[in-house]
Structure formats: C-alpha cells, structure tokens
There are 2 protein chains.
Amino acid sequence: MERVSEHELAIWRYFVKTHALIIEQIELDLANQKRVPLTTYDVLIALYEAPEQRLRLGELVHKTVLSKSGLSRLVDRLAREGLLRKEKSHEDGRGAYAVLTDDGERELRKAWPIYAKGIKNYFAAPLSIDQRNSLQQALYSLYESMKQLGQEDEAT
Amino acid sequence: MERVSEHELAIWRYFVKTHALIIEQIELDLANQKRVPLTTYDVLIALYEAPEQRLRLGELVHKTVLSKSGLSRLVDRLAREGLLRKEKSHEDGRGAYAVLTDDGERELRKAWPIYAKGIKNYFAAPLSIDQRNSLQQALYSLYESMKQLGQEDEAT
DNA sequence: CCCCTATTGTTGACTACGCAACTAAATATA
DNA sequence: TATATTTAGTTGCGTAGTCAACAATAGGGG
C-alpha cells in the first residue's frame, strides 16, 4: 500500500474544510430565518420525494447522514412537532413509516428557498461548468467506491 | 438570482453524502484501533505543524471545524488526557497556548497510519490523476469563495 | 489616566447524537 | 411446528458539541 502524498493530503484538507464551511453557512442562514436545521430538512425532503410521502425508517436512514438511533430520535421529535406522523406498518409488525404532514410540507417550502440559495451561492455559482462536471464525476467515483465498501461490510 | 438546477442539486447531494460516508468510515477505522477521533487528531496535527508545536487557541480554532467553545472544551479534555498542555500567554493576559506534549506526539504517530490509509483508500485511490486535479481545482475555488464570505461577515 | 469598546477564552444550560443492549416481530432451520 | 437467527426500531447512558452570557484583559480615544 502506497503512502498518501502531500498533494493528496492537501486536497483532502480542502475537502473537509470546504464542506464544513459551506454546511455551517447554510445552517446559519436557515437558523437566521428561523427555519429547520439541515438534518430535519433532509428527512422532510426525503419524505416529500417518496411515493405517497411516506418511507420506512430503515429507508429513511439511508437518505440521511444519521445513525439509526439518531434517526429514530429525530423522527420522534419531528412527529412531536407535527412535521411528520409515525404509522406502524401493516405488512411488518416491527416496522414503522414516517409520513409527511401538511405542516411538514409547508415548512419544507419555507426552508427550501434558503437552502437552495445556499447551494447556489456557496456551491454551484463559484464553479465553472467544467469544474462542476468534473466535480460531479469525481464525487460519483468516490460515492460508488464507498457504497461498495459498505456492502462488503454488511456481508460480514 | 437564478434557481438551483437539478444537476447542481444532484452534485450537492453527492458531496454531502460522500463526505459523510468517508468521514464515518475513517472514524470507524480509528475507533477500531483504539485511536483518537478525528477532531482530536486535527488539533494534535495542527500543533505538530506549528512552530514550537504551540498555537494560541484562537488560531487553533481556525484549523478545526469546531466553535470556539467547542474547541475550549476539547483542549481541556486533551490537556486532562495529557496529549497537550495549556500555557497562559505572557504577551496577552487573556490568551492561552496549547502545546503538544510527547504523549500527544506519540498518539499522533500511532493514529496517522490509520488516518492516512483512510485518505488513500477512500479518497485518493478511487480517483484518476485527472479527477484528482480537477477535484482540487474545484475545491480550491469553493474554499476561496467561502473564505471571502467569512471575511465579509467579520467586517460587519 | 480613566472610561468605553473589542477581544480572548471559559462556563452554564441544553441538545443532538452515537453505541450497545434491548424488545418484538419475521424468517430460516431442522 | 418448535427453535434459532436475523431484522426493525427503541432506549439507557454517556459524550461532545452549540449558543449565549460572562469575566478578564487589551487597546484606544477624550
């Protein structure tokens, strides 16, 4: 196994730091407008995009960046706040669905412009078309290689 | 202001998810080998690279992804664990330095191979030379644009 | 020199999250 | 069909992190 080069390390640091800065800034923008934080947003949008605005918790966890316990708690909180509703599954007695409520959808619509503006300003706009395309390519490669790794783990 | 496109949104999602997956995996690798978590590592390496292995807490906070209170607590913790030492500043009565200890450096040396392997395997290796270079370019653009934004904020 | 403002770092109160152990239901095995 | 294994989600417990308020010091004007 080859050693990591200075160059690679430098890129890595940009990756980590840039990610943190952008997320932080978007989070700040959302908070300033009294909107939901990103993790919440991610759950709501995942539900919104799902057929019938409903998803099993297990599917939901894959769409987010949380652990399953983290997601379980978050979903409970959001249910308490009325942004979604929990329903137990009929097909599977262990399972539960999270279902987007009208309030949840409203909140989503309010948060989205702010989030979108963040993505546009902090992430999309500073890049040229070329940069954007090659960033996509690179991220896709990385994502695929991580996904594969995750599957190997599960096979253990 | 232009709306964010589907394409841009898709890249953004890869960005967030990929980052999370890689960090998570490296964190896991470190924990499996009973080594310090990434935030700790970041502090130790920043000190290691600093002249005389010492930095003001204010400088340190910029090298990490923590808030200043978060950093303050982390530094306290690390001091308790003996990985660094806190020294109050002579030039500035309010200030404090974090200074890397021998134990801290030892820990650093133990953690580094695992971390490096993670960067190599999950981040560097899956990319072609071209991808790597353009990723660097793109990240650099993003970083610079965020840095500028941060400076505007401070000027408020 | 004294006061006013800015800066450095800490602290109290709180929250979100992870891990690991758990319950309950589903599925495979025998 | 009885038992073992796997899977879905929850929960107890601990920790790390944030924000906002704070103390202490620094650095100007007047």
Side-chain angles (χ1 to χ4, degrees), chain A residues 20-21 23-32 34 36-43 54-81 83-99 153-156, chain B residues 20-21 23-32 34 36-43 54-81 83-99 153-156:
Chain A
L21 286 174
I23 292 285
E24 203 179 321
Q25 186 61 49
I26 293 180
E27 206 74 81
L28 194 64
D29 293 347
L30 285 167
N32 281 339
K34 313 269 188 242
V36 293
L38 271 182
T39 42
T40 295
Y41 184 87
D42 286 345
V43 167
R54 62 171 52 234
L55 237 31
R56 286 288 294 265
L57 298 197
E59 307 176 78
L60 204 39
V61 82
H62 290 301
K63 312 252 179 192
T64 69
V65 137
L66 296 174
S67 69
K68 68 177 176 164
S69 64
L71 180 81
S72 174
R73 290 180 211 282
L74 176 56
V75 165
D76 279 357
R77 238 182 301 138
L78 298 185
R80 249 180 281 124
E81 294 170 20
L83 300 180
L84 55 77
R85 167 166 42 92
K86 264 170 96 172
E87 272 179 23
K88 57 181 169 184
S89 165
H90 294 302
E91 319 87 69
D92 185 335
R94 300 161 299 182
Y97 283 93
V99 189
D153 280 7
E154 280 171 31
T156 306
Chain B
L21 285 174
I23 292 285
E24 202 180 320
Q25 186 61 49
I26 293 181
E27 206 74 81
L28 193 65
D29 293 348
L30 286 166
N32 281 340
K34 312 272 188 241
V36 294
L38 271 183
T39 44
T40 295
Y41 184 88
D42 286 345
V43 166
R54 60 170 54 234
L55 280 176
R56 287 289 294 265
L57 298 197
E59 308 177 76
L60 202 42
V61 82
H62 290 302
K63 313 251 179 192
T64 68
V65 295
L66 294 174
S67 68
K68 68 176 175 167
S69 61
L71 180 81
S72 176
R73 288 183 210 279
L74 175 57
V75 165
D76 279 358
R77 238 181 301 140
L78 299 185
R80 248 179 284 125
E81 294 170 21
L83 300 180
L84 56 78
R85 168 166 41 90
K86 264 169 96 172
E87 270 179 24
K88 56 181 167 187
S89 165
H90 295 300
E91 317 89 68
D92 185 333
R94 299 162 299 182
Y97 284 93
V99 190
D153 279 6
E154 278 171 33
T156 307

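These numbers come from a predicted model, not from an experiment. By convention in this document, chain letters (A, B, ...) are assigned in the order of the sequence lines, proteins followed by strands, and residues within each chain are numbered from 1.
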Could you check whether Thr39(A) gets within reach of a base, just the sugar-phosphate, or nothing at all, counting any heavy atom under 4.0 Å? sugar-phosphate

Rounded to the nearest Å, what distance is computed from the CD atom of residue Glu81(A) to the P atom of nucleotide dT15(C)? 12 Å

Whole angstrom is fine here: how far is it from CD1 in Ile23(B) over to C1' in dA16(D)? 16 Å

Residue whose closest nucleotide on DNA chain C lies nearer the 5' end, Glu91(A) versus Leu74(A): Leu74(A)

Could you tell me whether Gly70(B) contacts a base, only the sugar-phosphate backbone, or nothing, with contacts defined as non-hydrogen atoms closer than 4.0 Å? base

Of the listed nucleotides dT11(D), dT10(C), dG12(C), the one nearest the side chain of Leu57(B): dT10(C)

Does Lys86(A) place a side-chain N or O at less than 4.0 Å from the phosphate oxygens OP1/OP2 of dA8(D)? no

Using atom CG of Leu66(A) as one end and atom C1' of dT11(D) as the other, report the distance to the nearest whole Å. 16 Å

With Val43(B) as reference, evaluate Leu55(B), Leu60(B), Leu83(B), Leu38(B) under the side chain to side chain contact (heavy atoms under 4.5 Å, CB included) test and give the passing residue. Leu60(B)

Which nucleotide in the list dT8(C), dG17(D), dA20(C) gets nearest to the side chain of Ser69(A)? dA20(C)

What are the two closest non-hydrogen atoms of Leu57(A) and Leu71(A), and how far apart are they? O-CD2, 3.3 Å

Arg77(A) has a side chain; which of dC13(D), dA16(C), dA24(D) sits nearest to it? dA16(C)

Do Leu74(B) and Thr40(B) have side chains that approach each other closer than 4.5 Å (heavy atoms only, starting at C-beta)? yes

Arg73(A) vs Ala96(A), nearer the 5' end of DNA chain D by closest nucleotide: Ala96(A)

Donor-acceptor pair, side chain of Glu27(B) and main chain of Pro37(B), under 3.5 angstrom: no

The side chain of Asp92(B) is closest to which nucleotide in this list: dA26(C), dG12(D), dT8(C)? dT8(C)

Whole-Å distance, Glu27(A) CD to dG17(D) C1', equals 13 Å

Nucleotide dT7(D), atom P - distance to CG of Leu60(A) in whole Å: 20 Å

Which heavy-atom pair separates Asp92(A) from Ser89(A) by the least distance, and what is that distance? N-OG, 3.0 Å

Roughly, in whole Å, what's the span from CG in Asp42(A) to P in dC17(C)? 11 Å

Which nucleotide in the set dT10(C), dC19(D), dT10(D) lies at the smallest distance from any side-chain heavy atom of Lys68(B)? dT10(C)

Could you state the atom-to-atom distance from NZ of Lys88(B) to C1' of dA23(D) in whole Å? 15 Å

Mind calculating the distance between CG (Leu38(B)) and C1' (dG18(C)) to the nearest angstrom? 15 Å

If you check the Ser67(A) side chain, which of dG9(D), dG17(D), dG18(C) turns out closest? dG18(C)

Could you walk me through whether Glu81(B) and Val36(B) pass side-chain contact (heavy atoms from CB on, under 4.5 Å), step by step? CA-CA 11 Å; Glu81(B) 294 170 21; Val36(B) 294; 5.5 Å; no

With respect to the side chain of Arg94(B), which nucleotide from dA24(D), dA8(D), dC19(C) is positioned closest? dA24(D)

If you only use heavy atoms from C-beta on, which nucleotide in dC13(D), dA24(D), dA8(D) is closest to the side chain of Arg56(A)? dA8(D)

